[in-house]
Amino acid sequence: MRQLRIDLTKCNHGRDCEHECESACATKVFKLDDPAMAALHIRDHGDGTGTTILCDQCGDCVVVCPAEALKRNKLGVVMINKSLCVGCYMCVGFCDKEAFERNPGWAEPYKCTSCGICVKACPHAALEIVDVPEPAYRIV
Amino acid sequence: MSQLVFDPSKVMDIDYTLRTEYHAELERARASRTVLKELAYAPSLPERGYNDRTLYVNVDTLQVEEKPVTRQMKDVFLGGRGFGLWHLWNAVKPTTKWNDPENEIIICPGPVSGITQYSGTGKSLVVSLSPQTGIPIDSNVGGHFGPFLKFSGFDALELQGKAEEEVILFIDGQKGIMRFERITDCPEDSHVLAEVLTSLYAENEADRVNVSVVSSGAAARHSLIGMLNFSWFDQRRGCIRLKQAGRGGIGTVFRDKKIRALVCRGPRIKSDLNHVADQETLARTAIKYHKEIRDNDPHQCMMRRNGTAHIVEIMDAYDLLPVHNFQYGSHPDTVKIDSAYWQQRCTQRTSDGCWYGCSMACAKGADGVVLKTGPYKGHMVTVDGPEYENAAGLGSNCGVFDPDYLLELNFYCDTYGICTITWGTLCAFVMECWQRGILNKERTGGLELCWGNAEADLEMMHQLARGEGFGLIAGQGVHGMKRIFAERGWGDPRLMQDIGMEVKGLEYSQYMSKESLAQQGGYALTNKGPQHDEAWLIFMDMVNKQLPTFEDKAEALYYFPLFRTWFGLNGFCKLPWNDVVPSDNATTSEPAKVPEHVQNYVDVFNATTGLKIDKEEMIHQSAKVYNFQRVFNIRMGKGLREFDVPPYRSVGPVTREEYESRMERYDQQMRDEIGVDPEGKSLEEKMAITREFRMNRYFKLMDTVYQRRGWTPNGVPTQARLKELGLDVFPEVVEVVKNHGG
């Protein structure tokens, strides 16, 4: 299963960069200028700490989806089929990493597809795509 | 009682995709299909929750007519149950009986129904004159039919007339076609019928998700207690699931009209088919609520694991679980049917909402059930739930503590098209009649209907489905059985009146109200009869202790029936309101009302309709419909004070055994609340004193509640109250009130 990971010894929550990862995701994946609309988030709290929001492809969203709109592809990555999505946002609400998101005005939510665009954009090489075993679905 | 912890390793390993399939039945149905009439129509999607179109159908003449939804209808009745009552009022006369052709079945989803974001928003409201009560019954049901009907172009479906031969109405909202059909080789019981018709009317396998079927079953045809099943296609299980419009016998009306089924094929569901006014507020409110369920449900109710059955053990612990026809409130064997068992037996690794977007997801299913009795003996089926009401009604109230039999009873009630709550209470009455010698083997035709005899219970139900034997008598309900048994001289009518748990002709649902004055009123002061959806006060009164004073209880009987009415006007489910609550709810000024969730409802309603109501206007909206329904009851001859009196079993101990079983409690109450020393008094004297006190207290409550509701001491809304609510614009409504001193 392809999974996006971050090395926090190399990333200090964007204090030494321009959040290139978020910008690359927003512009290249979603064709938007606003990095807030990216599928990953690196947040500096201003007190030396920060938060990273990354999808680890755990599959909880697949379990809660009532429309069978979320499935793993052959690489194990959870993909959304927009033609089946009913816009209930349970995937957003039940994601305990807060990595499934909805942007204002969008009918369907979105998530990281482990495409690796952010990996290439990171100036500190803090992001990587790794191949890990697919976890069993949880009861959510 | 300790907090139950979910252990995933204990969930039974059952393949939820396996069950008996009905291919032969499908092929026979396909081969015997005749089109009686077909017509084209223009489908539409709602704007801000409304299509402004009603579909009227006469199933006898096959006449189809469109009626506008007027501004006045929306202003006064809002939708859902309100629209249903208004259409019914216009369709019937004061003399109309349930089986007259002019009686209608009206199905209305409500303006909010069909949004896919907030939990519990796919409901349909079904209204008809009840065969059991003779007055309007309303039932709030899940499944996908209501939203599909709405997204096919209609805010309500009125069904009138009585067909001479069986008829199926198919509404295709994708193609704009309505068709009346007859299938001569057609199953009748719902689990087969809905499965067959879903496949028959879907254009391919993927299309099954767009089809919903309304059906009943064989027992509905032979009884007064029939219900309607509303289906949806469960994509993971690969089968249809059913939700029930259970109470009051609407399924009986349906089968009396010879309607075999209603089928609606709607458009593929997307995020905004309601064309709401403010999608952003809707999305924001919904996501907030989903997170709350995610975080709080696992340590509050575990609705996602247990469904409503999570309260079985709570009710037992607080002496509120009906046992042996509401004689007692707990039983040592409850542990066999509590939620610790159901969360192992029900399938867990799936999504169990009865409409899209319901994160509460209480529509649990027990898969891989192999039936032991009846016409489907040996079949492997999926059984809904069981919900709390079924575990209590079919289980403890009848002394049945075998979960396999409980599931089988649940299954057959559903597929035969009879109400599980009603069956539970009427069977409990039958079993107590057996206990007290009112019934015996000779009188039941050989059925040994003693406590806990699930096989006899099931056979009584199979008899009803076959239209024979003692089952036919049971199918008349408690009210009918009391009359029949008395006419035959089988028992003391006064005792049967005391232990027969019905008011207005409708059986009680499954809560022991003896120690909860608020719930006594919550049952007997209802519009449609003793169903808890109007005023489920027992939990806040007895478990959460939120209604300590007489005044609190009376006020609760003003506010909550109105608040809960509002769900049915809009197409909401009630459960997401107060089963799981925000973490800080206890610190709010009115925790019983769950203020944050009330605001959610205001926000969702406003976001859908574009109106700007607040929580006070919400109650005002409900009060219009609630009072209209009360006047409707009076118009039909059953709305006055005399019909709001409960059987004594729901108020206090009827028998010596009941008093003796809680002697310490009753003696203590005699000292503290009545001011009488029980010392030296005989049991009969103490029972008489307790009875007089409790009934007087109930009547005092009734007086206070009537006054608070703006009704006369005889239970009639005053003309001033009608004016306040804007109902004085309907001369017929005013006339009814005037004629009864209002």
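Shortest non-hydrogen contact noted between A/Glu98 and B/Arg294 is OE2-NH2, 3.3 Å. When all heavy atoms are compared, the tightest approach of A/Cys65 to B/Ser351 is O-CB, 4.0 Å. Taking every heavy atom of both residues into account, A/Val140 and B/Arg304 meet most closely at O-NH2, 2.9 Å.
Remark: A/Arg138 CZ to B/Gln348 CD distance equals 13.5 Å, nearest 0.5 Å.
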Which pairs of donor and acceptor atoms, one on a side chain in residues 83-96 of chain A, lie under 3.5 Å apart (sequence neighbours left out)?
unit_1: A/Ser83; atom_1: OG; unit_2: A/Asn81; atom_2: OD1; d: 2.7
unit_1: A/Tyr89; atom_1: OH; unit_2: A/Arg102; atom_2: NE; d: 3.1
unit_1: A/Tyr89; atom_1: OH; unit_2: A/Ala107; atom_2: O; d: 2.7

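Looking at B/Thr350, the atoms closer than 4.5 Å to chain A (heavy atoms on both sides) all sit in the backbone: N, CA, C or O. Residue contact with chain A, scored on non-hydrogen atoms closer than 4.5 Å, involves the side chain of B/Arg305 exclusively. For chain A, the nearby part of B/Phe6 is the side chain; its heavy atoms alone come within less than 4.5 Å.
Residue-environment remark: NZ (A/Lys120) stays at or below the threshold of 12 foreign heavy atoms within 6.0 Å. More than 12 non-hydrogen atoms from other residues, nucleotides or ligands lie less than 6.0 angstrom from CG of A/Asp47.
Ranked by heavy-atom pairs under 4.5 Å with chain A, the first of B/Cys358, B/Gly353, B/Ser119 is B/Cys358.
Scanning residues 17-41 of chain A against chain B with a 4.5 Å non-hydrogen threshold yields no residues.
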